[in-house]
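Inspection log for the structure reproduced underneath, given as structure tokens.
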Amino acid sequence: MHILKSGEKKRTLQQEKVGTKKSVQKIKKTGSNPRTRRGKWISAGYLFPSAAGVLLFFVLPFMIVIYYSVVDNPISHQFVFLDNFVMVFQNAAFQQAAKNTLTFSAAAVPLAVVLSLLLAMMLESKIPFKSQFRTFFLSPMMVPIASVVLIWQVLFHYNGMMNEILAFFHADKVDWLNSSYAQVVIIILFLWKNLGYNMILFMSALSSIPKDIVEVAVLESASSLQIFWRIKLRYMSSTILFVTIMSLINSFKVFREIYLLKGEYPYDTMYMLQHFMNNTFSRLDYQKMSAAAIMMAIVMVVIIGILFLTENHFGKDVEG
């Protein structure tokens with residue numbers, strides 16, 4: 001009797017285990033677990049405001065821009081396909097603006113990345129007046145843009161401080177904001193405004209590099225250049241990517257400073273794509289503005305894609 005009861009108990013336990021497994025598998029397949037369903041609804045509730053905001057303020061306007069770029073005007077809505085893109089691409093003002101923007105970004109963005117990295121490395125070393133040095137480069141972040149423009153007008157006006165310094169050395173005055181030097185002035189302004197923020201990001205990246213790896217490299221008689229190129233640069237690849245993308249985005253925002261300095265139609269070398277977009281919008285030429293915006297977006301996607309591929313190539317061996 002005892003043996004029979006033990007056998008029945010084992011069979012009962014086995015049946016319960018099989019039933020439990022089947023129930024778990026059924027729950028996994030159907031997702032009918034009440035806690036799982038509740039968690040999904042709660043997650044969807046938290047995500048909905050952000051998703052709705054992105055759809056309403058980013059995706060939907062971008063779809064409208066695409067629509068306007070392929071019609072002749074907002075009234076007749078006649079489909080013209082690529083005619084607006086051809087018209088914008090052949091426009092002399094757009095060509096000038098694109099050339100100036102490309103020249104400015106190609107010079108200002110690499111300078112912003114390289115100089116901020118050098119400043120961060122300098123501050124990581126033992127130099128005197130480190131806190132004052134850091135304050136000097138961080139102070140522009142706290143200065144309003146109108147004040148920055150006022151400072152630059154005082155410095156680079158035809159009768160400003162820079163020309164007074166040139167006159168002290170018996171040099172001719174330079175009309176900085178109405179000559180070929182105009183874009184150089186804007187590049188200096190861009191660097192002054194952005195180096196401090198980039199420098200802080202690089203200082204954080206440098207402090208997160210594993211010290212034991214650097215110490216091993218020193219023990220292996222690696223030079224400072226080898227340590228920087230083989231170790232530090234690879235561990236900072238994601239930060240370099242972020243700083244480059246942020247600097248590229250900020251290079252398009254320099255329109256604010258130029259607009260406050262020289263208005264809607266500055267000197268030729270200061271006329272940027274944002275000027276073209278702003279002036280086109282003021283004339284209510286939506287189809288031309290939309291086509292230019294699409295072209296800018298495509299170029300930005302290509303550039304950022306190349307940056308991501310480059311970062312993935314150089315930083316893949318240090319990712320955890």
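Hydrogens, waters and symmetry mates are skipped; everything else that's a heavy atom, side chains included, is used.
Put simply, the side chain of Gln90 never gets that close to the backbone of Met87: no donor and acceptor are under 3.5 Å apart. A donor-acceptor contact shorter than 3.5 Å links the side chain of Asn163 to the backbone of Val174. Between the side chain of Asn198 and the backbone N or O of Ser247 there is no donor-acceptor pair closer than 3.5 Å. Between the side chain of Ser207 and the backbone N or O of Ser204 there is at least one donor-acceptor pair closer than 3.5 Å. A side-chain donor-acceptor contact under 3.5 Å links Asn100 to the backbone of Tyr271.
Here the CZ atom belonging to Phe48 is positioned 10.5 Å from the OG atom belonging to Ser50, to the nearest 0.5 angstrom. Distance check, rounded to the nearest 0.5 Å: CE of Met289 to CG of Asn278 gives 10.0 Å. Interatomic distance, Ile187 CD1 to Ser251 OG, rounded to the nearest 0.5 Å: 10.5 Å. For the atom pair CG (Leu118) and CZ (Phe202), the distance works out to 9.5 Å, reported to the nearest 0.5 Å. One distance of note links CD1 of Ile200 with CG of Leu195; it measures 11.5 Å at 0.5 Å rounding. We find the CD1-CG distance between Ile245 and Leu241 to be 4.0 Å, quoted to the nearest 0.5 Å.
The two residues Leu273 and Thr101 make their nearest non-hydrogen contact at N-OG1, 3.0 Å. Taking all atoms of both residues into account, the shortest heavy-atom contact from Ser116 to Met199 is CB-N, 3.8 Å.
Every pair passing ring pair (Phe, Tyr, Trp, His ring centres under 6.0 Å) that includes a residue from residues 87-126 is listed here, sequence neighbours excluded: Phe94-Phe276, Phe104-Phe190. Applying the side-chain hydrogen bond (donor to acceptor under 3.5 Å, both in side chains) definition to pairs two or more places apart or across chains, those involving residues 253-266 are Asn178-Lys262. Applying the side-chain hydrogen bond (donor to acceptor under 3.5 Å, both in side chains) rule to pairs touching residues 179-197 yields Asn194-Asn250, sequence neighbours excluded.
Partners of Glu124 according to the side-chain contact (heavy atoms from CB on, under 4.5 Å) rule, which considers only residues two or more places apart in sequence or in another chain, are Met203, Leu206. Residues satisfying the side chain to side chain donor-acceptor pair (under 3.5 Å) test with Thr244, not counting sequence neighbours, are none. In this view, Gln274 satisfies the side chain to side chain donor-acceptor pair (under 3.5 Å) rule with no residue, not counting sequence neighbours. With sequence neighbours excluded, no residue forms a side-chain contact (heavy atoms from CB on, under 4.5 Å) with Leu47. Listed by chain and number, the residues in a side chain to side chain donor-acceptor pair (under 3.5 Å) with Asn159 are Lys173 (sequence neighbours excluded). For Gln287, the side-chain contact (heavy atoms from CB on, under 4.5 Å) partners at least two apart in sequence or on another chain are Asn73, Pro74, Asn84, Asp285. Under the side-chain contact (heavy atoms from CB on, under 4.5 Å) criterion, Pro210 pairs with Asp212, Ile213, Tyr235, sequence neighbours left out.
In this structure the side chain of Asp172 never reaches within 4.5 angstrom of the side chain of Leu166, judged on heavy atoms. Contact annotation: the side chain of Met277 approaches that of Met296 to within less than 4.5 Å [non-hydrogen atoms, C-beta and beyond]. Residues Leu177 and His157 are not in side-chain contact: their nearest non-hydrogen atoms beyond the backbone lie 4.5 Å or more apart.
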How far apart are the C-alpha atoms of Met272 and His275, what are their side-chain angles, what is the distance that settles it, and do they pass the side chain to side chain contact (heavy atoms under 4.5 Å, CB included) test?
CA-CA 5 Å; Met272 301 293 181; His275 288 90; 3.8 Å; yes

Please walk me through it: do Phe228 and Leu117 pass side chain to side chain contact (heavy atoms under 4.5 Å, CB included)?
CA-CA 11 Å; Phe228 172 76; Leu117 178 57; 3.9 Å; yes

Decide side chain to side chain contact (heavy atoms under 4.5 Å, CB included) for Phe252 and Met300; before the verdict, give the C-alpha distance in whole Å, the side-chain angles of both, and the deciding distance to 0.1 Å.
CA-CA 11 Å; Phe252 282 86; Met300 289 292 292; 3.4 Å; yes

Show your working on side chain to side chain contact (heavy atoms under 4.5 Å, CB included) between Tyr158 and Trp176 and close with a plain yes or no.
CA-CA 7 Å; Tyr158 186 74; Trp176 297 98; over 6 Å; no

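By the 6.0 Å contact criterion, CD1 on Ile42 is enclosed, its count of non-hydrogen atoms from other residues, nucleotides or ligands being greater than 12. For Lys288, the NZ atom counts as densely surrounded, since its 6.0 Å shell holds more than 12 non-hydrogen atoms of other residues, nucleotides or ligands.
The same ILVMFWY cluster, assembled from side-chain heavy atoms under 4.5 Å apart, contains both Leu115 and Ile186. Val54 and Tyr46 fall into different hydrophobic clusters, defined by Ile, Leu, Val, Met, Phe, Trp and Tyr side-chain heavy atoms under 4.5 Å apart, directly or through other members. Linking ILVMFWY residues whenever their side-chain heavy atoms come closer than 4.5 Å, directly or via other members, places Leu233 and Ile227 in the same cluster. A continuous path of ILVMFWY side-chain contacts below 4.5 Å connects Ile298 to Leu82, so both sit in one hydrophobic cluster. Residue Met246 is grouped with residue Val243 when hydrophobic side chains (ILVMFWY) are merged at heavy-atom distances under 4.5 angstrom, including chains of intermediate members.
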Please set out all donor-acceptor pairs under 3.5 angstrom arising from side-chain atoms of residues 142-154, sequence neighbours excluded.
residue, atom, partner, partner atom, Å
Trp152, NE1, Val185, O, 3.3

Would you tabulate the side-chain donor-acceptor contacts of residues 57-72 under 3.5 Å, counting partners in other chains and residues two or more places apart, or write 'none'?
residue, atom, partner, partner atom, Å
Tyr67, OH, His77, ND1, 2.9
Ser69, OG, Ile66, O, 2.6
Asp72, OD1, Ser76, OG, 2.8
Asp72, OD1, Gln78, N, 2.9
Asp72, OD2, Ser76, OG, 2.8

